[in-house]
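The structure appears below as structure tokens.
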Amino acid sequence: MASGQVSKRVKFKSSVKDPGTPGRLFLTLERLMFKPNSPNSATKLNMEFKFIKNHRYTKEGSNKAPMLNLTSSQGVSYIFEFESYDDLQVCKECVGKALSKTGETPKPVDTSEVPSEQPSTEELLSRMNMLRENRAWKDDGKRVQKPMLLYFLKKSKKVLDISDFFLYELQKLHKRFVRDGILTEAEFWATRKKLLGANSSKKSKQRTGLKSVMLSDTKPSTDGRTNKVTFTLTPEIVREIFAEKPAVHQAYMELVPKKMSERDFWSKYCRAEYLQHAKSANAAAAAEAEAAEDEELALFLKPDNLLAKETKRKIKCVDPTLDLEADEGDDYTHLPDHGIVRDGSKEITESQRQLHIRTLSQELNRHAAVVLQGTPIDEEQLKDTQTVAEALNQSKHGQDTSNEEADMNANQDRLSRISKMMEIDDLQASSDLPLAPLSIKDPRDYFDSQQASALKTSRDTSIGTDPVKRNLSAGESYASLRDSISLIKTTGLVDPIITPEVAVKVLSVLTHNISSTKYDLGKNPGLSVLDTLPNTIKEELLYHWTSLQELLRHYWSSYPITTTYLYTKVSRLKDAMSKIDSQLQELKESVLSDLRHQVTLLIRPMQQALEAAMQHYDAEMQKRSARSAERSNGYT
Amino acid sequence: MPQVRIIAKNFMDMVASLPAMKLDRLYQNAFICEAILRSLPPLAKKYVVQMLFFDGPISGKLLEEWVLADGVTKHKVAIDRLIQLRIFTEAVDKKRESSYKLNQTFQVNLQKHLTNGGVLPREPMASTVRLPSLEELDTYAHEQWEVGSSSLCFHYPSHLHCSGQAEKPTNLSSSMMRIFQRGLLTQRDKDAPRLTEGGFQFLLMDTNAQLWYIIRDYISNSEERGTDPADLISFLLELSFHVTGEAYNMNTLTEIQRNAIKELADLGLVKLQQGRKESWFIPTKLATNLSVSLTDSSSRKQFASSLMILVGMFFMVIVIMHATGHVVVETNFRIYAYSSSKLHCEILRLFSKIEYQLPNLIVGAITKESLYTAFDNGITADQIISFLQQNAHPRVAERLPSVPENVTDQIRLWEADLNRVEMTSSHLYDEFPSRDTFEAACDFAREWNSLLWEDSKKMRLVVKAEIHMNMREFLRGQK
Amino acid sequence: MTNSIAEKRRQQEDEDDEEDGDLEGWGERNYTDERSWEALQEDESGLLRPIDNKAMYHAQYRRRLRSLSAASNSHRIQKGLIRFLYIVLDLSRAASVMDFRPSRMAVVAKNAEAFIREFFDQNPLSQIALVTIKDGVAHSLTELGGSPESHIKALMAKLECSGDSSLQNALDHVHEYLDQIPSYGHREVLILYSALTSCDPGDIMETIQKCKKSKIRCSVIGLSAEMFICKHLCQETGGLYSVALDESHFKDLILEHAPPPPAIAEFAIANLIKMGFPQRAAEGSISICSCHKESKVGEGYICPRCKARVCELPTECCICGLTLVSSPHLARSYHHLFPIAPFDEVKPSCHNEPHLKSQKTCFGCQQSLVNPGNKPSLHVACPNCKQYFCLDCDIYIHESLHNCPGSQILGSTDKAVEQSLDHTNRANLHALKKDVQKEFKDHMHHMDCNFCNDMYFHYGCTPNL
Amino acid sequence: MTSVPSKRYSDDVSLVVVLLDTNPFFWTASSSLSFSQFLSHVLAFVNSILLLNQLNQVVVIATGYNTCDYIYDSSMDASQSSEKGRMPSVYSNLLQKLEEFMIKDEKLGKEQSQRAIASSLLSGSLSMALCYIQRVFRSGPLHPQPRILCLQGSSDGPEQYVAVMNAIFSAQRSMVPIDSCYVGANNSAFLQQASYITGGVYVKPQHLDGLFQYLTTVFATDLHSRSFIRLPRPAGVDFRASCFCHKTTIDMGYICSVCLSIFCKHHKKCSTCGSVFGQAQSDTSSASDHKRKAPET
């Protein structure tokens with residue numbers, strides 16, 4: 001049962017020990033509200049599920065009271081104590097739905113039950129997700145069901161196209177860290193948000209607006225032979241029909257399923273539609289006749305009074321800037337069909353035309369209105385007409401309950417805003433915002449930002465040349481240059497330009513440095529060094545490497561240390577890393593001499609990375625002890 | 001009639017084919033050195049230049065150091081070429097290490113050229129008399145061709161059946177005329193002369209190649225006229241470094257050169273002028289472009305007949321006349337040629353259907369028929385396309401492709417259509433006495449892999465003609 | 001015949017007045033593109049010649065340039081050098097319309113690719129993410145990232161369109177990401193919008209306000225027609241709204257977003273960003289690079305903080321999340337800080353002046369500025385060095401080169417002045433300036449410092465300070 | 001003849017724009033190589049380029065102390081003949097223009113103050129060269145392969161840095177390699193970068209008397225041949241920056257988001273653009289990191 005709203009009698013507690021304030025908990029899919037019984041009590045709650053990070057609940061049979069604990073993204077936890085476990089159950093489901101809809105965390109299932117059938121990607125991921133959630137909750141890493149994880153991974157491998165190796169790795173890492181309590185499940189999975197979130201992000205919390213196309217032209221499709229007409233109704237169409245024809249909606253609400261079955265409700269509706277659109281006079285007559293002896297049918301045929309009511313209300317709050325009088329002339333209804341042909345057939349007898357046009361234009365307008373009003377329903381609810389009706393009803397309800405005045409002045413400010421926008425552009429002051437000025441004094445600094453080596457040289461050459469320049473004035477130097485030019489002009493080039501010896505020398509020098517570069521180019525092989533190693537070593541190396549990466553990632557990401565939690569985490573990580581470091585050392589010793597060189601080469605960068613981390617750690621420790629202000633500007 | 005065959009693929013091959021001592025003599029002339037250097041492949045150029053100031057030999061290894069793995073072949077080619085032209089002299093020492101040394105004269109010449117530029121054997125005369133302007137020169141060159149053209153334009157396919165060499169070209173010198181005469185017509189008994197296959201192709205060639213063909217032919221005939229080709233070559237090259245429009249005194253020329261230059265004047269390469277006491281010659285654009293065409297190492301099909309040369313001359317004229325391209329091809333296979341030249345019209349007519357001719361515009365269409373006639377005349381699709389591309393109107397040439405793809409493709413397709421069927425002369429064998437002889441025959445044919453077709457039911461097979469003999473032998477053996 | 005007419009029309013176009021001139025121009029260009037033969041004309045000898053509409057293009061170009069530099073005429077202005085740009089592609093039903101050939105979607109994708117490349121060329125420190133709107137919902141195609149290739153690949157992979165499009169959803173979607181961006185980053189959204197409608201679940205106005213609040217600069221390029229809501233959005237958030245007339249126009253419009261936009265005063269928050277300048281890995285060293293998990297010999301860079309190995313720059317260290325750049329990457333953006341003033345056109349009239357007579361060729365490329373008809377073709381002069389330039393150089397200098405060959409020369413003078421005040425002076429200069437400012441504010445008058453066009457006296461420039 | 005068929009522009013046809021450093025202060029200072037020697041080497045090189053291919057084109061731009069200008073363009077002077085046979089017109093023309101240029105340069109120098117570093121106007125000549133090359137590109141589909149050769153002696157002028165970098169990047173965009181032959185005392189940061197970024201060759205000759213040999217062996221190779229010829233690789237340039245405040249090389253620092261100036265430690269206020277900073281961004285990594293820290297609740 002997918003009800004929009006659940007409301008239960010609960011006690012709202014800020015903490016488990018808190019006696020709590022009695023009241024009612026209202027859960028819709030978007031938000032949860034807590035209204036205390038005593039109006040004067042301050043503890044109200046009205047928040048969107050967006051902000052709920054995850055939720056836990058006490059198990060049935062455990063001697064605890066039935067409690068639901070919702071943790072918000074800010075880490076605040078709202079605890080609701082229910083009267084019975086079934087209440088809890090209901091709310092739990094609802095919450096789960098809501099949360100899964102907001103895409104944060106999917107609805108939890110009891111970890112112990114193993115899914116029988118091949119799960120879909122989402123489900124699977126949600127399970128993996130859930131897995132981590134639950135673990136995160138009961139934080140003692142001991143009760144981790146290893147097989148479970150494996151199972152999910154195996155499955156997920158089928159679903160997501162992750163390489164076997166990757167899974168293998170993941171699993172190993174998990175074993176290595178989570179089991180040994182170096183990382184908590186939460187942390188472990190947090191870095192893999194991508195993997196998990198890959199699909200979960202797909203089903204976004206966005207709701208689509210109403211389609212602008214008119215679905216509800218339920219066109220009768222006739223097959224030539226029999227005179228049987230078939231109408232096709234998708235939930236979407238139904239929804240639109242409901243939205244645009246309140247009367248039908250109302251009828252549906254009260255007739256189905258009590259008085260008549262869904263099916264013949266719609267068949268009636270369609271018949272009515274058909275009769276309405278029937279062009280021939282006699283068909284119209286027939287309609288009259290039938291309507292006479294069938295009040296439901298009549299109900300479809302007679303003009304919709306609800307609509308009329310609404311339009312009246314609407315008229316009251318039309319945007320002041322546009323005057324309806326002006327549009328009077330623009331009523332094209334005197335043209336046949338505004339040139340629009342509704343359903344293919346052009347020939348309309350004079351008699352019906354007027355009416356037909358009216359209906360058409362009305363429907364157009366009505367549709368436009370609905371689209372603009374935009375009471376969207378989520379895709380999940382487009383399952384069956386029943387739910388559609390329900391949902392729509394609620395949304396309607398929501399609107400109606402909001403009393404007239406509020407509605408009105410809500411309208412007013414909307415109007416005022418609109419009219420503000422409607423202001424003719426020319427009259428508007430140019431709204432482009434002031435720009436930030438930039439004052440750069442000395443572009444030379446940018447050169448100085450060049451690499452020091454070259455910088456220095458250029459600098460001290462400048463120093464070098466300066467004195468020379470000084471002792472020889474500009475005039476003289478120019479003169480000397482001009483002399484040398486005229487020298488060439490008179491005597492021509494020095495001949496020969498270069499002596500053979502020099503030439504040979506230069507060429508050989510150049511050739512030498514060419515060939516020298518060639519060698520270390522040639523040294524760069526096509527296949528990576530790893531592949532040259534025997535598999536076992538390679539495996540081990542990679543294993544260490546990946547785990548190292550994992551640790552480091554956690555390590556660095558947990559700076560700057562703001563909470564004690566992080567502090568402990570870091571220290572944990574540090575120990576783990578030092579462990580790996582020693583392991584690496586062993587590995588290096590263990591390998592055979594012929595490979596040792598490469599292995600050491602490969603290991604060196606890892607160790608460097610480790611050292612960097614360690615040093616950083618120590619530095620931080622000193623800072624912490626020294627209470628230096630450094631951390632505040634984030635020098636991590 | 002005697003056909004002159006020239007094996008040289010381009011000028012450099014020709015030079016390379018000269019005997020050693022003649023080569024060395026060529027290298028005496030700085031300009032020839034320059035021209036030849038320019039004609040070398042890039043890598044070779046590089047080697048020469050960077051060895052310009054070496055006195056000793058340089059080892060091949062050293063050079064190869066500079067070449068990346070994928071350039072080794074280029075390296076070899078370059079070296080070969082250099083040795084071929086005797087610019088490098090190879091020396092192989094006992095360790096099979098080859099080392100190279102630059103040709104002495106060549107080296108010295110180039111060095112000189114670098115330091116104090118090339119020195120022409122003759123200075124331009126102080127312009128005592130009024131020299132013709134460049135335009136005048138061009139028109140002069142043009143007229144020279146016109147002379148020849150008058151004699152030839154009757155041999156265009158369009159005018160096939162006009163009576164052939166009715167009027168002789170008047171003032172072409174006899175030696176030149178001989179060149180033209182030779183192979184001018186492929187004259188089957190008594191019916192009108194016609195262009196050879198080469199003729200058509202020649203029409204579609206680019207200018208410099210054509211210029212080169214004339215000269216090459218001219219040179220190749222030089223022996224008959226008892227002049228040393230080497231001299232001619234050097235002279236021509238020299239000529240090409242003269243300044244267009246400058247006047248040079250005739251007295252500075254050797255006897256041979258004087259003869260040569262008269263004939264060249266007929267070609268319009270130079271203009272001769274007779275002063276009161278002395279005479280001088282003025283190189284035209286054509287002359288100064290010689291080296292360009294010479295160094296152009298495009299290896300094109302060879303044609304023997306000097307007729308093409310003459311045709312080529314008109315072609316060149318046109319290129320001179322409107323230096324810019326002129327043809328616009330539209331996707332609907334229409335050709336618009338902005339030209340008033342008759343010859344142009346003729347050239348287009350080779351492969352397209354000329355629809356009408358406005359004062360300055362020729363409108364034609366490429367049709368299947370027109371192309372087929374072209375193909376019959378041995379013109380290939382590529383030649384046509386390249387012609388269209390090379391003469392594309394500048395405005396069109398800007399955008400690529402200058403000729404619409406659909407046109408080029410269609411032309412290629414049509415050509416392909418022609419070669420769909422290929423002929424192989426063959427023999428049919430049937431009425432085999434027994435199946436196994438038949439089989440044996442088949443196998444035999446197969447292993448000569450010349451079995452074209454077999455029909456085991458009717459016991460017939462077709463084999464290539466060339467193994468007919470062996471087949472017969474084999475079958476005899478079977479009996 | 002027809003040509004001459006076409007030409008006449010074209011001339012009229014050129015004489016057209018500013019604002020609708022370029023619009024007309026676009027129309028005209030489009031027109032000529034479709035009728036290529038009209039771009040040919042016969043010369044006296046009957047050969048074809050192209051009509052040069054260079055002048056026209058240049059006119060348009062100059063208009064663009066002027067409009068761009070209009071803001072920064074007097075003072076230099078800050079630019080958003082570190083940008084976080086979300087490109088939103090509308091892949092709704094409307095994107096399949098064929099009025100752009102082959103289809104809007106294809107055209108958008110094609111030009112988006114070009115844009116992405118250009119973008120990273122101009123802003124090496126910035127990041128892009130792609131978002132698509134489809135069936136009224138916005139999806140992330142790619143996360144924020146700095147490598148053009150990955151984006152382009154993703155973009156080309158995902159090209160089918162359906163359903164309605166929803167501005168609001170797109171904005172919401174983008175907003176939630178951009179909100180996390182650190183304050184120094186310039187948050188931008190570029191929406192390539194094909195549809196004429198926006199089917200939104202709620203009130204888009206609120207969303208717009210939300211974007212405005214979180215300093216997101218939204219720009220829209222429409223492909224169909226101008227929509228009020230887009231215009232409103234752009235106005236509110238200080239973005240650009242433009243509607244493409246044809247493909248070439250669209251290309252130009254989208255490429256206008258490649259150079260960093262002027263920073264809006266209230267949006268711009270100066271801040272220090274921590275960056276690493278990694279060293280190249282030593283020649284012989286072997287290590288496993290953290291981006292591809294492959295062992296690399298030699299090349300590659302090492303993160304200064306965590307010593308992880310990355311393959312190319314700029315990037316974000318995947319271990320410690322430090323931004324890694326090299327100094328040239330910074331240098332790439334410098335020209336945005338020192339824009340060159342637009343050149344002003346030289347009226348043929350002022351050619352008669354004797355001292356200008358001398359220069360007959362373009363200072364940049366030596367092209368003759370005199371038409372064959374010996375009447376001076378239209379050209380421009382650098383306000384700074386007074387040298388003449390041909391139109392092509394003008395465009396090249398402003399769009400690609402970013403410094404004026406001539407101005408280097410004069411530039412050296414005031415540099416020399418700045419030379420005189422050494423670092424320490426400049427340091428306390430700011431302090432001094434402050435009080436000087438106050439003082440001047442009090443006696444409500446300003447004086448321009450004639451060395452640096454800065455409002456107030458400079459330490460080095462004033463004798464009496 | 002204008003109708004040069006396309007194939008005639010074989011790939012090895014090259015346009016070389018030579019930037020000639022004519023900074024008097026450097027040349028009078030430099031003892032190792034006199035200007036006249038330098039000139040004759042360069043002239044010979046220019047000539048040899050022209051010698052290699054009749055379509056080759058050489059443009060020489062003089063990089064003076066105060067200004068820079070074209071002093072030779074082979075496409076301009078038609079006649080290849082030599083005047084009085086003593087010296088090719090190439091040389092005489094070039095030298096003539098050069099002399100005029102020197103005078104102009106000096107005149108400009110008069111009304112200008114001295115720069116501390118006697119740098120020549122590299123940025124100007126680079127920009128000029130690029131403009132010229134753009135023109136060649138515009139000239140249509142057929143054009144020689146352009147490249148730039150900087151013959152630089154004097155040291156880099158810091159005030160030109162931005163301009164030079166702009167030029168370099170522009171060259172990189174239009175794929176014009178900038179070769180550089182630096183005859184000065186120490187390496188030039190500008191030219192090293194220029195060659196490294198644009199894929200050109202940077203050479204600093206040891207034996208200056210053999211300059212010509214260097215030029216012909218390394219810089220005479222056309223772009224086409226470079227695909228299969230091994231040339232001296234630019235020594236790996238260290239692209240670390242150094243901070244504005246202490247001018248020391250740093251491998252981690254803070255960048256002002258407004259003007260991109262670099263500081264080795266956190267300041268309250270940018271000394272370059274004077275903008276005041278909000279509190280420091282402890283970590284640049286944006287979204288990803290936040291995700292990671294998520295489950296700390």
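No hydrogens, no waters, no symmetry mates; every other heavy atom, side chains included, goes into these values. Just so we're on the same page: letters track the sequence lines, and every chain starts at 1.
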Quick check on D:V164 against chain A: is it the side chain, the backbone, both or neither that has a heavy atom closer than 4.5 Å?
neither
Could you tell me how the ring of A:Y555 sits relative to the ring of A:H616: parallel (under 30°), tilted (30 to 60°) or perpendicular (over 60°)?
perpendicular
Of all pairs that satisfy side-chain hydrogen bond (donor to acceptor under 3.5 Å, both in side chains), the ones with a partner from residues 34-43 of chain D, not counting sequence neighbours:
D:S34-D:S36, D:S34-D:Q37
Ring pair (Phe, Tyr, Trp, His ring centres under 6.0 Å) partners of A:Y478, counting only residues at least two apart:
none
Highest number of heavy-atom pairs under 4.5 Å with chain D among A:V502, A:T499, A:I498 belongs to A:I498
Between atom SG of D:C270 and atom OH of D:Y254, what is the distance when rounded to the nearest 0.5 Å?
15.0 Å
For chain A, which of D:L98, D:D105, D:V218, D:T22 has the most heavy-atom pairs under 4.5 Å?
D:D105
Interface moiety of A:L481 toward chain D, non-hydrogen atoms closer than 4.5 Å:
both
